[in-house]
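Excluded from the calculations below are hydrogen atoms, water molecules and symmetry mates; all remaining heavy atoms, backbone and side chain alike, are included. Remember, it's a predicted structure, so these values are computed and weren't measured experimentally.
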Amino acid sequence: KNVGLWQGREPSIAGAPAALRKIAKGPLYPREQVETVLTKGATAVVLWTEDCNSDVVIKLGWETADVVELVKHALANGRFTGSEWCDQRPWGPVAACDAYSVKNIEWNVAAKKNLTVEYYVKFAISKTGTHLLVTSCHV
């Protein structure tokens with residue numbers, strides 16, 4: 001079941017290689033549309049997959065509000081890397097997602113200097129248009 005706003009024809013992606021998940025056109029969600037969803041703040045963001053939740057909460061130590069800021073930063077300063085079908089679990093549901101990479105300069109305590117960190121974020125807008133379904137968010 002496709003729970004995303006973009007309603008193109010989804011392939012059978014369970015176990016499919018990444019190349020079959022790709023969507024040729026994109027971005028699927030205009031910047032202004034994503035920004036409108038983000039005006040609701042952290043309550044509009046759903047960490048939609050277990051891997052995304054783990055990456056955000058455990059690996060990055062972030063809250064959902066941090067993801068909102070990363071998506072805003074990616075839209076304004078990042079690079080669109082493509083669109084693809086993503087599944088929440090191997091048996092679905094699915095959503096068509098846009099992916100971005102964005103670089104940020106951050107203080108690294110261990111290195112005792114500023115380092116460039118590249119983040120990757122992938123998301124869809126929910127079918128209702130009210131939530132951002134984040135499927136991937138990591139360095």
Side-chain angles (χ1 to χ4, degrees):
K1 178 181 177 187
N2 181 359
V3 298
L5 187 61
W6 193 81
Q7 290 292 305
R9 186 174 175 166
E10 72 263 18
S12 174
I13 63 171
L20 295 179
R21 296 172 176 260
K22 298 293 181 191
I23 301 170
K25 67 179 195 173
L28 305 174
Y29 306 102
R31 176 181 171 176
E32 299 78 19
Q33 190 175 27
V34 177
E35 289 172 341
T36 297
V37 174
L38 293 176
T39 60
K40 298 174 193 149
T43 60
V45 172
V46 177
L47 303 179
W48 198 55
T49 65
E50 286 184 35
D51 285 347
C52 179
N53 189 61
S54 175
D55 285 342
V56 169
V57 175
I58 297 170
K59 292 181 182 174
L60 295 174
W62 285 4
E63 294 181 6
T64 310
D66 298 312
V67 178
V68 170
E69 293 308 311
L70 178 68
V71 173
K72 288 178 181 178
H73 182 50
L75 290 171
N77 305 298
R79 180 177 62 90
F80 171 73
T81 62
S83 299
E84 65 182 70
W85 288 102
C86 299
D87 49 357
Q88 188 179 37
R89 292 180 287 289
W91 55 90
V94 300
C97 296
D98 285 338
Y100 290 82
S101 67
V102 63
K103 294 180 180 178
N104 203 25
I105 297 173
E106 299 178 0
W107 179 256
N108 183 290
V109 176
K112 297 181 182 169
K113 63 180 179 179
N114 285 327
L115 296 176
T116 301
V117 179
E118 185 170 14
Y119 290 94
Y120 176 80
V121 63
K122 187 167 42 172
F123 57 83
I125 295 177
S126 66
K127 190 179 281 189
T128 60
T130 58
H131 290 84
L132 199 70
L133 309 175
V134 182
T135 61
S136 193
C137 182
H138 56 82
V139 291

### Task
Count the heavy atoms of every other residue, nucleotide or ligand shown that sit under 6.0 Å from CD of Glu106, and state whether that count exceeds 12.
yes
### Query
Side-chain heavy atoms under 4.5 angstrom apart, residues restricted to Ile, Leu, Val, Met, Phe, Trp, Tyr: same cluster for Phe80 and Val102?
yes
### Query
Looking at residues at least two apart in the chain, or sitting in another chain, which of them share a side-chain contact (heavy atoms from CB on, under 4.5 Å) with Thr39?
none
## Note on the structure
Taken in chain and number order and not counting sequence neighbours, the residues that satisfy side-chain contact (heavy atoms from CB on, under 4.5 Å) with Lys59 are Asp55
### Message
Just so I know, are the side chains of Asp87 and Arg21 near enough to count as touching, which here means a heavy-atom distance under 4.5 Å?
### Response
yes
### Query
Which pairs count as side chain to side chain donor-acceptor pair (under 3.5 Å) when at least one residue sits in residues 124-139, sequence neighbours excluded?
Ser126-Thr128, Thr128-Thr130, Ser136-His138
### Task
State yes or no: do Val68 and Ile125 share one hydrophobic cluster built from I, L, V, M, F, W and Y residues joined by side-chain heavy-atom distances below 4.5 Å, directly or via other members?
yes
### Message
Going by the rule side-chain contact (heavy atoms from CB on, under 4.5 Å), which residues pair with Ala42 if we only count those two or more places apart in sequence or in a different chain?
### Response
Thr64, Ala65
### Nearest heavy atoms of Thr43 and Lys40, plus distance in Å
OG1-O, 3.1 Å
### Message
Could you see if Leu60 belongs to whatever hydrophobic cluster contains Leu70? Use Ile, Leu, Val, Met, Phe, Trp, Tyr and a side-chain cutoff under 4.5 Å.
### Response
yes
### Query
Any side-chain heavy atom of Trp85 within less than 4.5 Å of one from Asn2?
yes
#### Entry: Single-linkage hydrophobic cluster, 4.5 Å side-chain cutoff, Leu132 and Val121 together
yes
### Task
Specify the closest pair of heavy atoms between Val134 and Cys137, including all atoms of both residues, with the distance to one decimal.
CG1-CB, 4.2 Å
### Query
Mind checking whether Thr81 and Arg79 have side chains closer than 4.5 Å, heavy atoms only?
yes
### Query
Is atom CD of Gln33 surrounded by more than 12 heavy atoms (other residues, nucleotides or ligands) closer than 6.0 Å?
yes
### Message
Measuring from atom CG of Leu28 to atom CD of Glu84, what distance do you get when rounded to the nearest 0.5 angstrom?
### Response
10.5 Å
### Query
Looking at OG of Ser101 and CD of Glu118, how far apart are the two atoms once the value is rounded to the nearest 0.5 Å?
4.5 Å
#### Entry: Smallest separation among heavy atoms of Val3 and Ala95, with atom names
CG2-CB, 4.4 Å
### Message
Do Val67 and Phe123 have side chains that approach each other closer than 4.5 Å (heavy atoms only, starting at C-beta)?
### Response
no
### Query
Hey, is the main chain of Ile23 close enough, under 3.5 Å, to the side chain of Ser83 for a donor-acceptor pair?
no
### Task
Compare every heavy atom of Tyr100 with every heavy atom of Asp98, then report the nearest pair and how far apart it is.
CB-CE1, 4.0 Å
### Message
Let me confirm one number: the CG-CG distance from Asn104 to Asn114, rounded to the nearest 0.5 Å.
### Response
10.0 Å
### Message
Could you measure the distance from the CD1 atom of Ile58 to the CG atom of Asn53? Nearest 0.5 Å is fine.
### Response
7.5 Å
#### Entry: ring-ring contact (aromatic ring centres under 6.0 Å, His included): pairs with one or both residues in residues 26-78, sequence neighbours excluded
Trp62-Tyr119
### Partners passing side-chain hydrogen bond (donor to acceptor under 3.5 Å, both in side chains) against Glu35 (at least two apart in sequence or in another chain)
Arg31
### Message
To the closest 0.5 Å, what do you measure between CH2 (Trp6) and NZ (Lys25)?
### Response
5.5 Å
### Query
Quick one: do Val46 and Leu75 end up in the same hydrophobic cluster if we chain Ile, Leu, Val, Met, Phe, Trp and Tyr together by side-chain heavy atoms under 4.5 Å apart?
no
